Amino acid sequence: MRILTTTLAVALLTPMYLFANTAKILEPTKKVYQVLEGSSMQGIEQKRGLAVDIEYKSEHVGVNQLSQVNIVLSTHLTKGILNVDITSMNNTLEGIKPNNYKFVLLERAEENAFPINLEVKSEKEGIHYINLKVSLEGDETRVLSVPVNVGKVDKVLQKKALTSSSDGDAMTVSQAVEEIK
Amino acid sequence: MHLKNILLTLLFLFFVGCGEDTITISSTVLGTEIDLDTTSNPDNLDTTASSNDSNPKTVTLSGLITYDAVPFVAGGQNGLDYNNIEQKPIRGASIEIVNASNQVLASTTTDENGAYSVSVIGTEVKVRVLAKLYKAPKSGEASWDFEVRDNTNGNSLYAMEGSLASLGTGTTQTRNLNAPSGWSGSSYSSERVAGPFSILDVVYASMQKVKAAENDAVFAHLDIFWSEDNLPASGNPNLGQIITSHYDGESVYILGKADIDSDEYDTAVVAHEWGHYYEGAFSRSDSIGGVHGPSEMLDIRLAFGEGFGTAFGCMMMDTNLYLDSMGTAQATTAVFDDIEIGGDVTNPGWFNEASIYNILYDIYDANDDQGDQLSLGFTPIHQVLTDRQKNTAAFTSIFSFITALKAEFPGNDALIDAITSNESIAPITDIYGTGRVNRATQNANPLYANLSAGGSVDIVTNYSAISTSSSYTVSSSFSSRQNELGTYNFVKFEIPTDGSYTINIAPVGGGASGDPDFYIYTGSSSDAIASSSSFGTSDSVTATLRAGTYRMAVIVYNQTSNSTFRITLN
């Protein structure tokens, strides 16, 4: 009787065990359309500000999928503490918690490269931005932005219709406040 | 017969009641002419010229064109002050009078007070103001062509206009137009029409100062791009991703993203960027650009270029305060600098842009202070920049500028030396900064190494390790490293006779590392006439060179140790 009971239990439980360990819970597969890369390091004559460079990589993913964003701030300033506040422009990205990064600047300038890794997502398609406000006490401030593309992204911004000038030039014309006497 | 006349009269009165104020009608009834005149208008119909009036007339149309200018809060420390918006004239801007078919019936330009007056033949017209300063080229006269455009909307030209309205019944009419800021108490809630015109006015003011120094100055065409969507990200400028406000050698780009960083009302910032255009158009800039700040030791070309930009911006705006707003409601002053106060710079010297803008502003301004007893104004600075600085044999720097200033205006050496001394710079005696070295640490080289035809010169590199961090390796070609003092080494040489010459650079000793590149320049151009930038531990170029003076910039990438490289000229 005992043998029969044991055999019956094994016979019933084994398939259940096998099923539980072989069944796959299907998770949505993250699709990375592209990895955006960018930096501020270009030979253009820029306005002055806190001398901090940025390099970044951000994954172009689908709606509600996590984008890995890797940022490196670098500077050859060698004294003080670099403060970095990170926010989502217009709060369209999730995953950025209240923060205040602090990086101690070292005397060897080549060692002052600071990585910041984030995971963000958005429920809306389009171009989103992570903003970094970088400041150094007693020095200047710089704001840097990192784009994160989600889903379908337009190649141009939606802007007002253009007017053609007398010589065929395109104009964007706005309404003035007018007084006629 | 009597009945017929009554019927005709009744018929006449019927038609009168249909709307004519005054009517003359001739009717022949049995040979009798009836002329009737009535001024009654029992139905109060509008009898003025209607929009369908096909009789155009000549009217003198005039008025004032203004824009909302947003100043900084008094003192400059707390960002922009939207509670004290002031309407300022839009000066020198192109005006078009257009009809319903968008045809231009007349055009003119606002004067220095923003006033315009133009004769128009038309019926219904509107006044259109272009964000454009334009004067056609004419021999012996100044000319210019500046336009503010939207880089996020097809690079279209900004404009504003009034309503399509009747020219009225008189021979004159006044139409005043104002470009609104779009601000509504706590944020922007409507179109920021004033933004482009604020930028345009900075250009107008700057142009007047240059014209005062050279009254027949010919200004090369310049587009200044601005958009409400321009933000500090790199990428596609059509999407507003412009990195920051900058000049790229052809155009100026200005930030416009509200609550992040917008510069249209930061007039010294706009004038600073226009100053880079001015330097390229009228003088010469060898600056290599990149990120920079006022406490760094920079490549001397960049230090002068950026120092000049800040000083020039303040000179043009008649202020000693360089201010840059940003943040929510633009209420933060991210950069506050009183460039009249010298001697307070971190790391002062000929490599520091802050030292340079302090020096230039002291040379310019009328205020004598802290060792500054010189007040030359802008015209002498313009003279030096457009002649000796433009043609200097050395790379453009504070050395070439001060040497040129002393040569152009002899007798001021002691006063100039006192100003440079205030920034810890010993008296400048030549364009090469002779006696200085290019690093504060080990392996310093003379600022310019001397190379002779048939000879050689050695330069020593200063190896800087590249940091790595977890899985992300920092790029090995940071411009922040490229544009600091000592990254580039400079060489000068003379070519005795026209001919073919070979310049070669190769490592000395077996342990040398790195990939050297070099660029050769001469005369008043900032474009290299020869270069060698191939991969490898040595580089060489053979070029036909004319007799004269040359300058060379050498950079070594991918070093793994301090190394010595030998440059030969044969």
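Throughout, a chain's letter reflects where its sequence line sits, starting with A, and its residues are numbered from 1. Because the structure is a prediction, the values reported are computed rather than measured. Just the heavy atoms: all of them, side chains too, but no hydrogens, waters or symmetry mates, feed the values below.
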Report which part of [X] has an atom under 4.5 Å of a heavy atom belonging to chain A: side chain, backbone, both, or neither.
| X | value |
| --- | --- |
| Gln173(B) | both |
| Asn178(B) | both |
| Ala179(B) | neither |
| Asn236(B) | side chain |
| Ser190(B) | neither |
| Thr346(B) | neither |
| Glu353(B) | side chain |
| Leu64(B) | neither |

Tell me whether Asp169(A) is salt-bridged to Arg149(B), with the criterion being a basic N under 4.0 Å from an acidic carboxylate O.
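Here Asp169(A) pairs with Arg149(B) in a salt bridge, since their nearest N and O are under 4.0 Å apart.
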Under-4.0 Å salt bridge between Lys79(A) and Glu107(A):
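Answer for the salt bridge query: no.
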How are the rings of His60(A) and Tyr33(A) set to each other: parallel, tilted or perpendicular (split at 30° and 60°)?
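His60(A) and Tyr33(A): tilted rings.
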Just so I understand: if I count every heavy-atom pair under 4.5 Å between each of Lys133(A), Lys160(A), Lys155(A) and chain B, which residue has the most?
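Answer, by heavy-atom pair count under 4.5 Å with chain B: Lys160(A).
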Contact part of Thr87(A) toward chain B, heavy-atom cut-off under 4.5 Å: side chain, backbone, both or neither?
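Thr87(A) has no heavy atom closer than 4.5 Å to chain B.
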